[in-house]
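Below is one structure, written out as structure tokens; the observations come after it.
Model, not experiment: these values are computed from the prediction.
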Amino acid sequence: MSRNLFWLSDEQWARIEPHLPKDVRGVERADDRRVISGIVHVLRCGCRWCDCPEAYGPPTTIYNRFVRWLGVASGKTCSESLPGTDDPQTRR
């Protein structure tokens, strides 16, 4: 059985890479390109995180990174969409 795995192209990676953290401390990070490709694979095919192919790395890493980035992205989106958040007089 052959799997159709998704891998980020060089062009896609060039657009994403500048937005990733560079000064991460602690345990060495899993390869970001591989993990992001795994996230896209799960979202495109609709499989469960635990069924993500091993080629992308540990499913827990892929899931945890997705949840962490989703939380950061939604926080930015929410704060940017609230009217008056840039005006110090409207902050409480």
Side-chain angles (χ1 to χ4, degrees):
M1 175 168 95
S2 95
R3 294 186 178 196
N4 295 324
L5 301 181
F6 173 84
W7 295 105
L8 290 169
S9 69
D10 291 338
E11 180 183 337
Q12 292 168 325
W13 180 243
R15 294 178 69 190
I16 293 172
E17 188 176 28
H19 302 284
L20 299 175
K22 295 180 182 26
D23 60 344
V24 180
R25 300 178 195 158
V27 179
E28 187 175 337
R29 289 171 60 89
D31 178 40
D32 287 323
R33 188 173 185 167
R34 185 174 81 161
V35 170
I36 294 170
S37 293
I39 291 169
V40 173
H41 175 81
V42 169
L43 297 176
R44 287 179 75 191
C45 78
C47 69
R48 299 179 305 168
W49 294 103
C50 64
D51 293 332
C52 188
E54 290 180 20
Y56 297 121
T60 52
T61 300
I62 296 165
Y63 171 77
N64 289 338
R65 193 87 56 94
F66 172 75
V67 169
R68 188 177 326 129
W69 288 341
L70 184 64
V72 170
S74 63
K76 287 182 180 179
T77 304
C78 289
S79 66
E80 290 170 358
S81 65
L82 293 174
T85 54
D86 292 336
D87 182 6
Q89 293 179 348
T90 59
R91 290 188 199 150
R92 296 178 197 235

To the nearest 0.5 Å, tell me how far C50 SG sits from I62 CD1.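 Taking SG in C50 and CD1 in I62, the distance rounds to 11.5 Å.
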How long is the span from the CD1 atom in I36 to the CD1 atom in I16, to the nearest 0.5 Å?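 Those atoms lie 5.0 Å apart.
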Residue list, side chain to side chain donor-acceptor pair (under 3.5 Å) with D32, at least two apart or on another chain: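 If we apply the side chain to side chain donor-acceptor pair (under 3.5 Å) test to D32, skipping adjacent residues, the hits are R29, R65.
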Go through the structure and list residues passing side-chain contact (heavy atoms from CB on, under 4.5 Å) with [X], not counting sequence neighbours.
X   : result
R15 : none
C47 : H41, V42, C45, D51
Y63 : W49, V67
R34 : W7, D31, P58

Which residue pairs satisfy the salt bridge (Lys or Arg N to Asp or Glu O under 4.0 Å) criterion with at least one member in residues 16-26, sequence neighbours excluded?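 Listed once each, the pairs would be none.
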Can you spot which of V35, L5, V40 makes a side chain to side chain contact (heavy atoms under 4.5 Å, CB included) with Y56?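 So the option named by the test is L5.
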